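Pasting a structure here, questions to come.
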Amino acid sequence: MINFVPMDFIIDATLKALKHLYNADITAEDISLQQTRKEFEGQVTIVTFPFTKVSRKSPEQTGADIGEYLKNEVAEIADFNVIKGFLNLSIADVYWLKQFYNHILPGDGIVAEPNGKKVMVEYSSPNTNKPLHLGHVRNNLLGYSVANILAAAGYEVIKANLVNDRGIHICKSMLAWQKWGDGETPENTGMKGDHLVGKYYVVFDKEYKKQIDDLKAAGQTEDEAKKNAPLIKQAQQMLQQWEAGDQEVIDLWSTMNGWVYAGFEKTYKALGVDFDKFYYESNTYLLGKDIVDEGLEKGVFFKKEDGSVWIDLTEDGLDQKLVLRADGTSVYITQDLGTAQLKYNDFNMDESIYVVGNEQDYHFKVLFLILDKLGKSWARGLYHLSYGMVDLPSGKMKSREGTVVDADDLIREMKETAKEHTEALGKVDGFDEEEKTTLYQTIGMGALKYFLLKVDPKKRLLFDPNESVDFQGHTGPFIQYSHARIRSVISRGALQLEDVMPLTEVSAEERDLIMVLGQYPEAIQVAAQGHNPAAIANYVYEVAKLYNKFYHEHQVINAETEALKRFRLQLSTATANVIKAGMGLLGIDVPERM
RNA sequence: GGUCCCAUAGCUCAGCUGGAUAGAGCAACAGAUUUCUAAUCUGUCGGUCUCAGGUUCGAAUCCUGAUGGGAUCACCA
């Protein structure tokens, strides 16, 4: 099942056993180890069904044969039992203690050795015409977390943000502000810049709709009215002026984009995400035409009579796809072809991950396929991290119907809720105001981030604005609380980490905790390979749960002996370290006190 | 209509390179604090793993088909 790291000696010994008992040559892949279910005695289970062919005995007898051999030949294997086709092995306590002191307590594998590979993670990639909403929040948290996980797995990581700062949608906000803005600025209204610009995007839409209705009343069809409305024509004209470098339009564009960036920066900061490299579509939108030429030369693309350029992907089960308009202007995919090349030229990375919603699955399938057909060596390293939409109980979020969950509102509400919970529990008596503010932020964001990241990215996510995010159970605050409690114990214990006193046995709770702590490096690798922060989220939850069980069963500071006390303090320290590191991969802070 | 994704407890989700009696949390109910933080812990209740076939010693997991939900199939981005 999942990650069972330091168990190679069992596989080796089992191979020897099979050779010795049945003269069977079996490879390590044929041996399936799993963690023993908790209702049975033991920690590691070997499934013996596959061996019955070579043993020519029943699964039970086969298990007993192998178990007997292992118990006699392998010092670490203390005992075994066989239930049906399952051979359950009890590993000696000293083995677990050795693992703990040699690897876990020193923090082996909390960050992997560099693997020499470079990966780019592109995420966020916002439009600059409206504020961020819950969907963007999921995107940002996923991208940031995946970047952290890859770094922990040994990659060199570049976090990139491709800002969509040009196009007709930007012109809509600009035009509406010009017409009805009345000189409003973030300064004189006190509004956050991205919200101010978003307000005019909505104004545009409203006025545009009015014009469409008027035209329809005058006898035009819906489609005609949409094309002929004066506002849309003006917006299109503005886009042309922008592309022609009209100074007035460019100035307005710079000003309003500046407002938006200032607003985004605040939201990014509140979310705790950051970037190493920004790309702007205003700089990249003309890229890709070289690649179109290249594709024509190589015969990968073809030109139609009207001059438009296409690629035929029907053999790959897809359609024909336009890559350049007849008038020579770019479409979306042209830019993305060019930008992909640009990124590669800039960084020469081995892999490149695009964190983009699953509504663009088809686009990326086509994009990667085209680059591959063009013979780009790096195309195989491209990956679309496709995530599901965030839905409300009423269905999809729709800005026009006002059902969008605004990122800034949500963040504020989370902090507020954290404050209410904390105060109700009377947890902040010794805190000054600044510490309180920090704590509420840590907990509120912890709850939100964990809520969004614990779900498999590819699945749709249901968010009910009327039902507050939980703070108990399988949640961020639960894990944060566990951490704070551990830190509290440690600070009372006055521990010298280098003090090792000989122990020869551990309790079941201690052993389980050591086992799961030892799986952290593997959890990182699993999460990295699957581009899946949820794997880390669930892992850390498991750690916190096991510690809480241990905490409930055993005294740390008032342990029966000095040796036990020290060991338990060390175990607590190692647990806190893993929780902190794991939550860090999710972009979640853990407090010392709460 | 073509293609892609999803379907597990009342709700939200794990589990999916095939392995034991399918697990958590929430909700409901019952308990635990003279002991290191009860945002905790223990227990009870709760399942035809959407359905039907197939492969296998063994299927929630793999294959085929169906049903339901979502996305996409723009000279928008």
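Predicted, not measured: the structure shown is a model, and the values here were computed from it.
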- Query: Roughly how far apart, to the nearest Å, are B:rC45 and B:rC29 at atom C1'?
  - Reply: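 Each nucleotide's C1' atom is 8 Å from the other's.
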- Separation of A:Lys459 atom NZ from B:rA71 atom C1', in whole Å?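 Computing the A:Lys459:NZ to B:rA71:C1' distance gives 17 Å.
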- Query: Taking atom types as modelled and ignoring hydrogens, do the side chains of A:Asp223 and A:Thr221 form a donor-acceptor contact shorter than 3.5 angstrom?
  - Reply: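 Short answer, no.
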- B:rG19 base stacked by A:Phe86? Criteria: ring centres under 5.5 Å, plane angle under 30°.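 No; centroid distance or tilt outside limits.
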- Rounded distance in Å between the C1' positions of B:rU8 and B:rU50: 10 Å
- Message: How long is the straight-line distance from CG of A:Leu546 back to CD of A:Glu510, given to the nearest 0.5 Å?
- Response: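 Atom-to-atom, A:Glu510:CD and A:Leu546:CG are 12.5 Å apart.
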- For A:Gln529 and B:rC16, what is the distance between atoms CD and P respectively, to the nearest whole Å?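 A:Gln529 atom CD is separated from B:rC16 atom P by 14 Å.
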- Nearest-Å distance once atom C1' is located in both B:rC6 and B:rC51: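 Taking atom C1' in both B:rC6 and B:rC51, they lie 16 Å apart.
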- Using only heavy-atom distances, determine whether the side chains of A:Thr62 and A:Thr48 contain a donor-acceptor pair under 3.5 Å. no
- Please state whether the base of B:rA39 and the side chain of A:Thr475 form at least one donor-acceptor pair under 3.5 Å?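 No, the side chain and the base share no sub-3.5 Å donor-acceptor pair.
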- In whole angstrom, give me the gap between the C1' atoms of B:rU72 and B:rC62. 27 Å
- Nearest-angstrom distance, P atom, B:rC76 to B:rG68: 34 Å
- Taking only N and O in the side chain of A:Arg325, is any of them less than 4.0 Å away from OP1 or OP2 of B:rC76?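 Yes, such a contact exists.
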- Query: Can a donor-acceptor pair be found between the side chains of A:Asn129 and A:Ser173 at a distance below 3.5 Å?
  - Reply: no
- Query: Does A:Trp242 have its ring centroid less than 6.0 Å away from the ring centroid of A:Tyr285?
  - Reply: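 Yes: the rings meet the under 6.0 Å criterion.
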- Item | Whole-Å C1' distance, B:rA38 and B:rG46 | 25 Å
- Message: Both A:Phe40 and A:Asn358 contact RNA chain B. Which one's nearest nucleotide lies toward the 5' end?
- Response: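 Nearest-nucleotide comparison on RNA chain B picks A:Phe40.
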- Query: Any donor-acceptor pair under 3.5 Å between the side chain of A:Asp336 and the base of B:rA77?
  - Reply: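 Check fails, no donor-acceptor contact within cut-off.
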- Once you round it to whole Å, what is the distance between P of B:rA77 and CG of A:Asp165?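 Going from CG in A:Asp165 over to P in B:rA77 covers 14 Å.
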- Separation of B:rC76 atom C1' from A:Lys226 atom NZ, nearest Å, is 13 Å
- Message: What's the gap between B:rA7 and B:rU48 when it is taken at their C1' atoms, as a whole Å value?
- Response: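 The same atom, C1', in both gives a distance of 15 Å.
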- Task: Quick one: label A:His554 by what it contacts on the DNA or RNA (base, sugar-phosphate, nothing), any heavy atom closer than 4.0 Å.
- Result: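 Base contact - A:His554 has a heavy atom under 4.0 Å of at least one base atom.
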- Message: Within the 4.0 Å heavy-atom criterion, would you say A:Asn532 contacts the bases, only the backbone, or no part of the nucleic acid?
- Response: nothing
- Query: Counting side-chain heavy atoms from CB outward, which of B:rA20, B:rG25, B:rC73 is closest to A:Tyr362?
  - Reply: B:rC73
- May I ask you to say what A:Thr45 touches in the nucleic acid, namely base, sugar-phosphate or nothing, with a heavy-atom cut-off under 4.0 Å? base
- Query: Which part of the nucleic acid, if any, lies within contact of A:Ala534, taking any heavy atom under 4.0 Å across all strands shown: a base, the sugar-phosphate backbone alone, or nothing?
  - Reply: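 Here A:Ala534 touches no strand at all.
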- Task: Confirm from the modelled atom types if A:Ser482 and B:rA39 form a donor-acceptor pair under 3.5 Å, side chain to base only.
- Result: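 By the distance-only test, no, there is no pair.
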- Starting from C1' on B:rU12, measure out to CG on A:Leu448 and report it in whole angstrom. 15 Å
- Query: Nearest to the side chain of A:Val556, which nucleotide is it out of B:rA20, B:rC36, B:rA39?
  - Reply: B:rC36
- Does the separation of the ring centres of A:Phe368 and A:His384 fall below 6.0 angstrom?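 Centroid distance A:Phe368-A:His384: not below 6.0 Å, so no.
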- Task: Decide yes or no, distance alone: a donor-acceptor N/O pair under 3.5 angstrom between the base of B:rU72 and the side-chain of A:Glu359.
- Result: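 Not at all, since no donor on one side and acceptor on the other fall under 3.5 Å apart.
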- Query: Ring-on-base stacking between A:Phe49 and B:rG19, under 5.5 Å between centres and under 30° between planes: is it there?
  - Reply: yes
- Query: What integer number of Å spans the P atoms of B:rU55 and B:rA22?
  - Reply: 24 Å
- Nucleotide nearest A:Asn538 when distance is taken to its side chain, options B:rC41, B:rA77, B:rA14: B:rA14
- Query: Quick one: are the ring centres of A:Phe550 and A:Tyr547 less than 6.0 Å apart?
  - Reply: yes
- Could you tell me the separation between the NZ atom of A:Lys545 and the P atom of B:rA24, rounded to a whole number of Å?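 The distance from NZ of A:Lys545 to P of B:rA24 comes to 6 Å, rounded to the nearest Å.
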- Rounded to the nearest Å, what distance is computed from the CG atom of residue A:Asp316 to the P atom of nucleotide B:rU3? 15 Å
- Task: Looking only at side-chain atoms of A:Gln555, point me to the closest of B:rC13, B:rC4, B:rC36.
- Result: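 Of the options given, the side chain of A:Gln555 lies nearest B:rC36.
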- Can you find a donor-acceptor pair, distance only, under 3.5 Å between A:Asp456 side chain and B:rC13 base?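 Result: no qualifying N/O pair found.
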- Spacing between A:Tyr551 atom OH and B:rU42 atom P, to the nearest angstrom: 14 Å
- Item | Candidate nucleotides B:rU42, B:rA20, B:rC36, ranked by approach to the side chain of A:Lys84 - the nearest | B:rA20
- Are the aromatic rings of A:Phe471 and A:His421 close, with centres under 6.0 Å apart?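 Distance test on ring centres: under 6.0 Å, yes.
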